[in-house]
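Have a look at the structure below before the remarks.
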Amino acid sequence: MQFSEAEELCAHALMIHSEHGTKGTLKEASDRRLMALILAGKGDHEAALENLGLARVTLQAHRKEIEVAVVDSSIGDSYLALGRYEEAILAYHKALAVFKLVHGEGHTTVASVYVSLADLHMRTGRFREAKTHCENALLIYGRHRADHSNDEISTGLTEIAGLFESMGEYNQALSLLQRALEILENTPGQQSAVGGIEAQIGVLFHLLGKYEEAYMFFKRAVSKLRFGNNRKTWPLGMLLNQMGLACMGLNALWDAAEIFEEARTIAEEVRGPHHPDTLDIISNLAGAYDAMGRTDDAITLLEVILEVKEERLGTVHPDVEDERQRLTELLKETGRSHVRKLSTLQDLLSTKQSSKFQGHQAPVK
C-alpha cells in the first residue's frame, strides 16, 4: 500500500477543514479516522492515537454513540500496539459496553472486541483469560443471525485461529480455519480471502508435520495468487517459500529447488537481493541444493549470504557465526577452505593498527 501518498492526501483534506472553518464536523472526524488508519499502517501509533482522540471528541459532541465505540476499539488497538495494555483494556471495555447496550450481547461487534481482548491477554501471558475471550467470541460467531455476514464470521474465525496458533493449539486453529474456508469457498468475489485461509491451513499442516496436506493447500493458495494481474508479489514469494519447505519435508528435492528458485526471483525483485527475507529463501535453496548433491551451487549461495551478513551484522554476530559454520562444514566435504573477508570497521582498524605496529618494530640488537 502507498501509505505515504495516502497520508499526504489525507493531510491535505484536514488542512482544508482547518482553512474553511469545517473543523469539528462529522466529515473532519471521518478524515481523522482515515488518517489514523493510514498512520497505524505505517507503524506510527502515537500519531494515530492523537487523530483518534480528536475524532472521538467530535463524534461525542455530535452524540454519535456507536461511532464513538468504534473509535474506542481503534484506540484500544493503538494502545495495544504501543504496549500500553492497561489503557487498551479500558478502551476496549468502553467499546464493549456500548456495543452490548446498542446491538445486544450476540452481535459480531461484541465478538470483535472479545477477540481484541484475547489478543491483549495472550501478549501478556494470560492464556486462560485469552481462551475465555476466544470462547465468548466463538459462541457469537456460531450463531446464525440475519445481521451476521459471511465475511464477518469468516474473518472472526480466522483471527481466533491465529490466536490459537500463537498459543500452540494447532488442531483447534486448523478446525476454525476449515470452518472459515467452508463459509467463504463458494462466495463470489472472495477468492483472495480463500487463498489467504488456504495458506494459513498449509502453514498449520506443516507445523503438524503433515507435509502432503500442507503442499496441497499451498498449491491451491498459490494458484489463486497467480490469478491476479500482478503476479510477482511478496505474498506469492513467501507462499512459494513455504511450499518449497513442504516439498523438502516430502523429500521432493527437485520440486523444492525449482520452487525456491522462483521464490528467490520474486524476492530479489520485490524485496531486494540483500533483504533478510530474500536471504532466508536463498538459504533454503542452498539447503535443497546440498540435499540434491549440488554442493558447489550450495557453497556459492552460502558464500553470498555470509558476505552480506558479515557486512551488515559484523563478523562476530551469532547469526554470522552460524552461517560461517554451515559453510565451513560444506567446504570440508569438498576439501576446500573459506577465506574470511574483513568487512567491519573494527576489523579494518585492527588490520591497520597491526600493520602500523609491524612497520615500527624496534631494531634487533
Side-chain angles (χ1 to χ4, degrees), residues 1 33 36-49 51-53 56 66 68-100 103 105-143 148-149 151-181 183-184 193 196-197 199-201 203-204 207 235 238:
M1 294 182 71
R33 291 168 66 182
L37 183 64
I38 295 166
L39 292 167
K42 291 180 67 178
D44 190 353
H45 299 289
E46 288 284 3
L49 197 55
N51 279 275
L52 288 169
R56 189 185 191 283
I66 293 297
V68 169
V70 173
V71 170
D72 280 333
S73 182
S74 297
I75 287 172
D77 293 340
S78 292
Y79 280 135
L80 180 60
L82 292 167
R84 295 162 62 175
Y85 299 124
E86 295 304 320
E87 290 162 292
I89 288 175
L90 289 174
Y92 285 140
H93 278 289
K94 282 182 185 178
L96 190 62
V98 174
F99 289 146
K100 283 182 176 181
H103 294 309
E105 296 198 5
H107 198 266
T108 51
T109 53
V110 174
S112 69
V113 179
Y114 281 141
V115 173
S116 296
L117 284 166
D119 185 15
L120 186 153
H121 288 304
M122 189 203 68
R123 294 192 194 196
T124 55
R126 290 176 284 189
F127 297 117
R128 182 180 297 177
E129 291 88 341
K131 287 181 183 178
T132 298
H133 286 303
C134 284
E135 288 163 3
N136 289 337
L138 286 172
L139 286 173
I140 296 171
Y141 289 129
R143 296 171 188 155
H148 289 182
S149 69
D151 186 51
E152 285 176 321
I153 295 171
S154 63
T155 298
L157 291 174
T158 302
E159 289 176 344
I160 296 170
L163 293 174
F164 276 113
E165 180 184 344
S166 298
M167 289 185 279
E169 299 195 14
Y170 300 142
N171 286 312
Q172 175 72 347
L174 192 57
S175 174
L176 293 173
L177 287 174
Q178 288 170 331
R179 280 174 58 189
L181 187 60
I183 292 170
L184 283 188
I197 294 172
Q200 287 180 263
I201 291 174
V203 169
L204 284 167
L207 290 170
M238 184 169 54

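Between Ser73 and Ala95 the shortest heavy-atom distance is N-CB, 3.9 Å. Contact detail for Ala111 and Ala137: the closest heavy-atom pair is O-CB, 3.7 Å. For the pair Ala48 and Leu39, the tightest heavy-atom approach, listed with the atom from each and the gap, is N-CD1, 3.9 Å. Closest approach of His121 to Ala130, counting heavy atoms only: CB-N, 3.8 Å. Here the closest non-hydrogen pair linking Glu105 and Ile140 is O-CD1, 3.3 Å.
With Ile153 as the fixed residue, the side-chain contact (heavy atoms from CB on, under 4.5 Å) test singles out one of Arg179, His148, Arg143: His148. Of the candidates Leu117, Val110, Val115, Val113 forms a side-chain contact (heavy atoms from CB on, under 4.5 Å) with just one, namely Leu117.
Glu86 meets the salt bridge (charged side-chain N to carboxylate O under 4.0 Å, His left out) test with no other residue; sequence neighbours excluded. Partners of His93 under the ring-ring contact (aromatic ring centres under 6.0 Å, His included) rule, at least two apart in sequence or in another chain, do not exist in this structure. Residues forming a ring-ring contact (aromatic ring centres under 6.0 Å, His included) with Tyr114 (at least two apart in sequence, or on another chain): His133. By the side chain to side chain donor-acceptor pair (under 3.5 Å) test, Asp77 pairs with Tyr92, sequence neighbours left out. With sequence neighbours excluded, the residues that form a salt bridge (charged side-chain N to carboxylate O under 4.0 Å, His left out) with Arg123 are Asp119.
When side chains are defined from C-beta on, Val68 does not count as touching Lys94, because their heavy atoms never get closer than 4.5 Å. Glu87 has its side chain out of reach of Leu49: every pair of non-hydrogen atoms, C-beta onward, lies at least 4.5 Å apart. With a 4.5 Å cut-off on side-chain heavy atoms, Ile75 and Asp72 count as touching. The side-chain heavy atoms of Leu204 and Leu177, taken from C-beta on, include a pair separated by under 4.5 Å. Contact annotation: the side chain of Val70 never approaches that of Thr109 to less than 4.5 Å [non-hydrogen atoms, C-beta and beyond].
Using a distance-only test at 3.5 Å, with no hydrogens or angles considered, a donor-acceptor pair links the side chain of Ser116 to the main chain of Ser112.
The CE atom of Met122 lies 9.0 Å from the OG1 atom of Thr124; values are rounded to the nearest 0.5 Å. In this structure, Leu37 CG and Asn51 CG are separated by 11.0 Å, a value rounded to the nearest 0.5 Å. Between Asp151 atom CG and Leu184 atom CG the span is 6.5 Å, to the nearest 0.5 Å.
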Compile the donor-acceptor pairs under 3.5 Å between side chains in residues 157-170 and protein atoms, sequence neighbours left out, one pair per line.
from, atom 1, to, atom 2, distance (Å)
Thr158, OG1, Ser154, O, 2.7
Ser166, OG, Gly162, O, 3.1
Glu169, OE2, Lys131, NZ, 2.5

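A salt bridge does not link Glu129 to Arg126: none of the charged side-chain nitrogens sits closer than 4.0 Å to a carboxylate oxygen.
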